[in-house]
Participant: 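Quick one: the structure is below, questions incoming.
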Amino acid sequence: MYIVGITGGIGSGKNAVTDRLQDLGITIVDADIVAREVVAKGEPALDKIAEHFGSHIVTESGELNRKDLREIIFRDKTAKTWLEQLLHPIIRQSIKQQLHDATSSYAVLSSPLLLETDQHELVQTVIVVDAAEELQLARTVKRDSASKEQIKAIMAAQLPRQERLKKADIIIDNNADLESLENQVIKLHTELSEATHRA
Ligand code: ATP
């Protein structure tokens with residue numbers, strides 16, 4: 001299976017791109033969704049988290065109390081490391097399995113941390129969705145009704161735009177309107193479908 005990685009900073013347009021590719025029949029594995037799936041109600045990782053941090057970390061309905069967990073790992077570095085060591089291999093294994101099960105002509109791994117983690121080792125081509133920082137900020141503030149400061153803090157913790165661009169095999173320029181983005185996605189899909197068909 002030919003696997004394409006899609007990444008980009010917050011609000012760069014990853015979802016706008018992958019939604020369109022999904023409409024075209026391509027299997028999308030979204031690392032953020034997988035990270036939530038592995039700690040969903042009834043999952044073994046959730047039991048381990050409850051054993052480690054105490055049962056209060058699970059709500060009465062059996063869901064992970066994300067807010068409490070976020071607060072714990074924000075305060076306690078050891079707790080953060082423990083959690084990462086638990087979840088990292090489980091998330092990676094689930095991503096690999098879902099990519100392996102894909103039936104489309106190629107599959108996509110979409111991840112904001114593709115280049116910051118070893119997830120890039122799972123892909124043959126790195127696509128970066130790129131937008132100017134002012135656009136990332138404006139689009140995310142509008143989408144999430146968040147403050148500029150909150151979004152700027154997240155942007156500051158991510159890879160700088162130029163560093164990310166240096167690591168791209170293909171760049172999708174999302175500085176114009178959604179129609180321009182759609183045209184680029186269709187062109188990319190045609191090229192990838194042809195290349196994977198030939199291979
Ligand atoms: P995150 O990392 O936060 O998941 P993302 O990279 O997936 O973000 P999107 O959610 O796809 O980004 O895009 C951010 C917002 O900007 C969305 O509301 C989306 O509809 C909008 N958007 C994306 N591209 C454009 C564009 N070219 N013109 C106008 N709005 C856009």
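All ligand and atom numbering here is 1-based and tracks the order in the structure.
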Participant: Keeping Gln136 on the side-chain end and Gly11 on the backbone end, is there a donor-acceptor pair under 3.5 Å?
Facilitator: no

Participant: Looking at atom 20 (O) of ligand 1, is any protein heavy atom nearer than 4.0 Å to it?
Facilitator: no

Participant: Considering only heavy atoms, which of Lys142, Glu182, Arg143 lies nearest to atom 17 (C) of ligand 1?
Facilitator: Arg143

Participant: Does Ser110 reach ligand 1, in the sense of a heavy atom lying below 4.0 Å from it?
Facilitator: no

Participant: Without swapping roles, check the side chain of Asp169 against the backbone of Thr125 for a donor-acceptor pair under 3.5 Å.
Facilitator: no

Participant: Tell me which part of Asp32 gets within contact of ligand 1: side chain, backbone, both or neither, using heavy atoms under 4.0 Å.
Facilitator: neither

Participant: Return yes if some donor-acceptor pair links the side-chain N/O of Ser104 with the main-chain N/O of Thr27 below 3.5 Å, else return no.
Facilitator: yes

Participant: Salt-bridged, Glu163 to Lys167, with N to O below 4.0 Å?
Facilitator: no

Participant: Under 4.0 Å from a heavy atom of Asp177: which atoms of ligand 1 are those, numbered in the order shown and with their elements?
Facilitator: 27 (N)

Participant: Check this for me - ligand 1, Pro112, N or O atoms closer than 3.5 angstrom, yes or no?
Facilitator: no

Participant: Whether the side chain of Asp173 engages the backbone of Asn175 through a donor-acceptor N/O pair (distance < 3.5 Å, no angle test) should be reported.
Facilitator: yes

Participant: Where the side chain of Asp130 meets the backbone of Gly8, is there a donor-acceptor pair that is under 3.5 Å apart?
Facilitator: no

Participant: Can you check whether Glu51's main-chain N or O pairs, donor with acceptor, with Ser55's side chain at less than 3.5 Å?
Facilitator: no

Participant: Heavy atom to atom 6 (O) of ligand 1, shortest distance: which of Lys14, Gln136, Gln158 holds it?
Facilitator: Lys14

Participant: Can a non-hydrogen atom of Gly11 be found less than 4.0 Å from any atom of ligand 1?
Facilitator: yes

Participant: Does an N or O anywhere in Leu181 fall below 3.5 Å from an N or O of ligand 1?
Facilitator: no

Participant: Given 3.5 Å as the limit, does a donor-acceptor pair link the side chain of Ser94 with the main chain of Ile91, or not?
Facilitator: no

Participant: Taking the inter-plane angle between the rings of Trp82 and Phe53 on a 0 to 90° scale, is it parallel (under 30°), tilted (30 to 60°) or perpendicular (over 60°)?
Facilitator: perpendicular

Participant: Quick one: nearest non-hydrogen protein atom to atom 7 (O) of ligand 1, plus distance?
Facilitator: Asn15 N, 2.9 Å

Participant: Heavy-atom pairs closer than 4.0 Å: do any link ligand 1 to the side chain of Ser180, the backbone, both, or neither?
Facilitator: neither

Participant: Of Val129, Val17, Val128, which is the lone residue that meets side chain to side chain contact (heavy atoms under 4.5 Å, CB included) with Asn174?
Facilitator: Val129

Participant: Could you identify the single nearest non-hydrogen protein atom to atom 11 (O) of ligand 1 and state the distance to 0.1 Å?
Facilitator: Ala16 N, 2.9 Å

Participant: Taking a cutoff of less than 4.0 Å between a non-hydrogen atom of the residue and any ligand atom, is Thr140 in contact with ligand 1?
Facilitator: no

Participant: Is a side-chain donor or acceptor of Arg20 paired with a backbone partner of Glu182 at a separation under 3.5 angstrom?
Facilitator: no

Participant: Just to confirm my output: which protein heavy-atom neighbour is closest to atom 12 (O) of ligand 1, and how far is it?
Facilitator: Gly13 N, 3.1 Å

Participant: For atom 23 (C) of ligand 1, what is the closest protein heavy atom, and at what distance to 0.1 Å?
Facilitator: Asn174 ND2, 3.8 Å

Participant: Between the main-chain N or O of Val29 and the side-chain N or O of Gln98, is there a donor-acceptor pair closer than 3.5 Å?
Facilitator: no

Participant: Considering only non-hydrogen protein atoms, determine which one is nearest to atom 25 (C) of ligand 1 and report residue, atom name and distance to 0.1 Å.
Facilitator: Leu178 CD2, 3.4 Å

Participant: For ligand 1, which atoms, with element, lie under 4.0 Å from some heavy atom of Ala176?
Facilitator: 26 (C), 27 (N), 28 (N)

Participant: Going by a strict under-4.0 Å cutoff (protein heavy atoms only), does atom 31 (C) of ligand 1 have a neighbour on the protein?
Facilitator: yes

Participant: Using distance alone, determine whether Ile10 and ligand 1 share an N or O pair under 3.5 Å.
Facilitator: no

Participant: Tell me: protein heavy atom nearest atom 16 (O) of ligand 1, and distance?
Facilitator: Arg139 CB, 3.3 Å

